[in-house]
Amino acid sequence: MDQDTLAWIAGNRPEASAAPPTLPHPPLMLVPDATWFAEPRLVDSIHGIRHNARVSLLAGLLAQEYGLDRDHTAALCAAAAVHDCRRHDDRDDPGHGRRAALWFTRNQHTVTTVLGRELPPDLAAEAADAIGLHDVPYADFAPQQNLAYRRAPHLIDLLKAADCLDRYRLPLARWWPDPSHLRIVIPAWLHAVAFDLVLRSEQARLDGASNHGALIHASQILNPRQ
């Protein structure tokens, strides 16, 4: 991200259509460690730490919206935090979801330790399914992928939606979120939250904050009920 691109994004804010609700509790946000990424040069890229952490937070908000329980929410946020960690580049990179799913399966304890919550084995497997399918269009699912989808439709649908919402970081409006590719409805208020998360975290990073500090600063746009 550079300042000119961020200024263009800020100048093209989508029209607000709904105010955020009062949240019953803070959403989970897992900030991935730089060592989790296959390519060190991508740690600070458009698919790096800030993207994965924002998707984790957005997934936590969607989990509240759709009534997921504590364990399913944790599984979803863990999946979101590592979904792009095995990328080789910032282009389409076919297969990066499958590689990240394999990495998560082998390093689950590392991720859940940071999350502060262990996952039951069945939910860890569902989280891996979600990671492995996040980059595959629904229409392109192979038979085995459709079986995986039937095991964990809630996690897969919500991870795809959270990942879609963070597309406001991209420098062309035609690349921004297109809900027609999803199987769930994203609440209108969440688009504004996603947009502001991008603006605040990327500006804080440009101003010299660490990745973690930039993300904490951005998350302060949310005001959960105490």
Is the backbone N or O of [Y] less than 3.5 Å from a side-chain atom of [X], with the two atoms forming a donor-acceptor pair by type?
X	Y	value
Thr112	Leu115	no
Arg167	Trp175	yes
Ser56	Asn52	no
Arg87	Arg91	yes
Gln145	Ala142	yes
Asp135	Gly97	yes
Asp33	Thr35	yes

Step-by-step salt bridge (charged side-chain N to carboxylate O under 4.0 Å, His left out) determination, Arg151 to Asp122:
CA-CA 10 Å; Arg151 286 194 297 269; Asp122 58 334; over 6 Å; no
Please tell me if the side chains of [X] and [Y] come closer than 4.5 Å, counting only heavy atoms from C-beta onward.
X	Y	answer
Met29	Cys77	no
Arg169	His47	yes
Leu62	Pro187	yes
Leu147	Gln144	yes
Leu158	Leu68	yes

When rounded to the nearest 0.5 angstrom, what is the spacing between [atom1] in [X] and [atom2] in [Y]?
X	Y	atom1	atom2	result
Ile46	Leu170	CD1	CG	5.5 Å
Leu182	Ile186	CG	CD1	5.0 Å
Arg205	Asp207	CZ	CG	11.0 Å
Asn146	Phe141	CG	CZ	6.5 Å
Leu119	Leu123	CG	CG	6.5 Å
Thr113	Gln108	OG1	CD	9.5 Å

For [X], all residues meeting side chain to side chain donor-acceptor pair (under 3.5 Å), sequence neighbours excluded:
X	result
Asn107	none
His181	Asp178
Gln3	Gln203
Arg13	Asp196

If two hydrophobic side chains count as joined below 4.5 Å and joins carry through other members, does [X] share a cluster with [Y]?
X	Y	result
Leu30	Val82	yes
Leu58	Ile184	yes
Ile216	Val31	yes
Ile221	Leu57	yes
Leu199	Val193	no

Would you kindly say whether Arg54 and Ser201 are connected by a side-chain donor-acceptor distance under 3.5 Å?
yes
Regarding Tyr149 and Asp157, is there a side-chain donor-to-acceptor distance under 3.5 Å anywhere?
yes
Can you classify the ring geometry of His72 versus His154 as parallel (below 30°), tilted (30 to 60°) or perpendicular (above 60°)?
tilted
Of all heavy-atom pairs between [X] and [Y], which one has the smallest distance, and what is that distance?
X	Y	result
Ala127	Ala75	CB-O, 3.7 Å
His217	Ala204	CD2-CB, 4.0 Å
Asp2	Asp4	OD1-N, 3.1 Å
Ala173	Trp8	N-CH2, 3.4 Å

Would you please test Leu102 and Arg86 for side-chain contact (heavy atoms from CB on, under 4.5 Å) and show each step?
CA-CA 9 Å; Leu102 290 172; Arg86 296 283 98 184; over 6 Å; no
Under the side-chain contact (heavy atoms from CB on, under 4.5 Å) rule, what do Leu165 and Leu197 come out as? Steps first, then yes or no, please.
CA-CA 10 Å; Leu165 275 168; Leu197 283 172; over 6 Å; no
Between Asp163 and Lys160, is there a salt bridge with N-O shorter than 4.0 Å?
no
In terms of side-chain geometry, is the basic nitrogen of Glu202 or Arg50 positioned less than 4.0 Å from the acidic oxygen of its partner?
yes
Looking at residues at least two apart in the chain, or sitting in another chain, which of them share a ring-ring contact (aromatic ring centres under 6.0 Å, His included) with His191?
none
State yes or no: are the ring centers of His51 and His83 separated by less than 6.0 Å?
yes
Single hit among Thr73, Leu76, Val185, Leu61 for side-chain contact (heavy atoms from CB on, under 4.5 Å) with Tyr66
Val185
Test: Arg183 cationic atom under 6.0 Å from Tyr138 six-membered ring centre, within 45° of axis:
yes
Check against side-chain contact (heavy atoms from CB on, under 4.5 Å), Trp189 and Glu65
CA-CA 11 Å; Trp189 63 267; Glu65 182 75 15; 3.7 Å; yes
Ring pair (Phe, Tyr, Trp, His ring centres under 6.0 Å) pairs touching residues 85-116, sequence neighbours excluded, are Trp36-Trp103, His96-His134
Evaluate the side-chain contact (heavy atoms from CB on, under 4.5 Å) criterion for residues Leu159 and Val55: first the C-alpha distance (whole Å), next the side-chain angles of each, then the deciding distance (0.1 Å), finally the verdict.
CA-CA 8 Å; Leu159 178 55; Val55 173; 4.1 Å; yes
